[in-house]
Amino acid sequence: MPEPNPLSSAIPVDTLIHNIGQLVTIAQTPLHNATGPLQVIEHAALTLHNGLITWIGDGSEQFIHALAQHTTLHLVDAQEAVITPGLVDSHTHLVFAGDRSEEFHLRRAGVSYGTLLAEGRGILTTMKATRAASNETLLTLAQQRLQRMRHSGTTTVEIKTGYGLHTTSEENCLRLINQLNALENLHTQHRIRIVPTFLGAHSIPPEYRERRTEYVDLLTTEMLPAFVGLARFCDVFCEREAFTLDESRRILTRAKELGYALKLHADQLSPSGGARLAAELGATSADHLDYTSDDDLHAMRQAGVVATLLPGCSYSLRSPYPSARRFIDAGLSVALATDFNPGTSYCENMQMMLELAMSAMGMSLEEALTAATINGARALALHEQIGSIEVGKRAELAFWSIKDYHEIGYHFGVNLIHNIFVG
Ligand code: NIG
Ligand code: FE
């Protein structure tokens with residue numbers, strides 16, 4: 001029996017993307033005409049209906065010509081581009097004011113990130129600048145950053161709060177993140193999907209320095225209940241210089257009760273126990289993981305926690321890169337994200353993360369692309385909707401101006417993205 005196609009059957013179609021040089025589907029279910037672990041189809045075409053993929057297949061001219069007879073069809077000529085799922089950046093701190101170039105260069109001279117944090121610089125420097133900035137400034141800065149992300153191939157980005165650190169400024173930041181998402185809708189085919197995360201537990205603000213328990217109380221009794229519906233995830237920076245394991249447990253347990261999904265900044269600067277806690281509480285992801293033990297990786301695997309690696313931090317802090325092999329061999333789903341923030345990773349570009357993952361963390365191209373797409377979607381619990389190119393999923397695509405996807409990582413330090421497309 002011939003494969004059903006939009007000509008012969010009742011497959012709904014309103015858009016046809018044709019003339020695709022290579023379609024790198026990263027499909028999670030086998031496709032009949034694809035090859036390799038990423039499932040690559042040469043000379044492909046795909047159809048959409050209401051933004052969902054309805055058919056993937058043969059891009060032969062004859063067939064496309066017949067299909068294009070549909071008068072209402074919106075045609076998109078991919079001009080032989082390589083198409084992958086849009087890149088999913090599942091960990092960023094995108095809303096803030098000011099910069100920390102001074103600290104970046106102090107670190108080149110040997111001062112550690114932890115020392116700066118303990119001295120009340122680092123995150124708190126950015127907190128001051130963010131609290132002092134107008135909403136207009138914060139919004140403009142955030143939109144400029146989103147624009148850079150769009151140009152680098154990102155179609156979904158998670159954004160954390162965490163530079164307000166009191167109820168009104170954290171709420172303001174969450175509302176800005178939601179507003180950014182609404183503004184993105186105006187971009188129609190180039191919109192970025194935004195996932196909001198509440199990270200009020202990023203650092204103890206100076207006014208609570210001597211009474212930290214009260215800040216944890218404020219988080220659990222005031223902020224978390226008030227922000228239900230504004231944030232999808234709750235995250236905690238579980239670290240010596242930030243929140244202890246017990247404080248993190250308290251905050252995240254309360255968040256879970258209120259219906260937030262959970263994330264953790266875990267074991268970034270020391271073996272803080274964050275990864276173990278992520279497993280204990282059934283977090284969606286644990287991120288950083290520079291100091292996580294094998295036992296804790298095992299616990300994460302048992303609990304189905306996604307391991308998110310952030311090579312931009314190793315680059316920026318000049319700390320050793322975690323070996324991705326260790327995580328993959330432990331059976332974990334590994335995601336890659338930028339961790340875009342003014343302190344540890346001032347980079348909007350997911351292509352750079354792919355490059356670092358391949359050059360410094362031992363990932364193959366196939367693993368890195370999987371980590372930057374479907375596993376990023378897993379880290380946001382969106383893998384049923386996005387992250388791979390499959391019938392039934394949303395068409396959120398990256399168009400690469402290359403002939404073959406093997407150029408990714410090989411041709412580095414330049415932008416290989418032509419555009420993003422969101423159906
Ligand atoms: O993911 N470590 C905590 N948070 C960020 C850094 C934020 C900052 O330094 O401003 C991170 O690395
Ligand atoms: Fe972070």
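If you're wondering where the values come from, they're calculated on a predicted model, not measured in any experiment. We count ligands from 1, going down the list as the structure has it; atoms in each ligand are counted the same way. Excluded from the calculations below are hydrogen atoms, water molecules and symmetry mates; all remaining heavy atoms, backbone and side chain alike, are included.
Protein contacts to the Fe ion (ligand 2) involving N, O or S atoms at a distance below 2.8 Å are His91 NE2, His93 NE2, His265 NE2, Asp339 OD1.
Within the structure, ring-ring contact (aromatic ring centres under 6.0 Å, His included) contacts touching residues 319-343 (residues at least two apart or in different chains) are Phe96-Phe340, Phe340-Tyr346.
Annotation: Arg211, atom CZ; neighbour count of heavy atoms from other residues, nucleotides and ligands within 6.0 Å is above 12. Atom CZ of Phe104 is surrounded by more than 12 heavy atoms from other residues, nucleotides or ligands within 6.0 Å. The neighbour count for His298 NE2, taken as heavy atoms of other residues, nucleotides or ligands under 6.0 Å away, does not exceed 12.
In this structure a side-chain-to-backbone donor-acceptor pair under 3.5 Å is present from Thr130 to Ala97.
Using bins of under 30°, 30° to 60° and over 60° for the plane-to-plane angle, the ring pair Phe198/Phe227 lands in the perpendicular bin. Using cut-offs of 30° and 60° on the angle between ring planes, the pair His202 and His93 is parallel. Using a 30° and 60° split on the angle between ring planes, Phe399 and Phe421 fall in the tilted class, from 30° to 60°.
Scanning for salt bridge (Lys or Arg N to Asp or Glu O under 4.0 Å) contacts around Glu241 gives an empty result, with sequence neighbours left out.
Sorted by chain then number, the residues whose non-hydrogen atoms approach ligand 1 to under 4.0 Å are His91, His93, Arg100, Tyr113, Ile123, Tyr163, His202, Phe237, His265, Gln268, His288, Asp339, Asn341, Gly343, Thr344.
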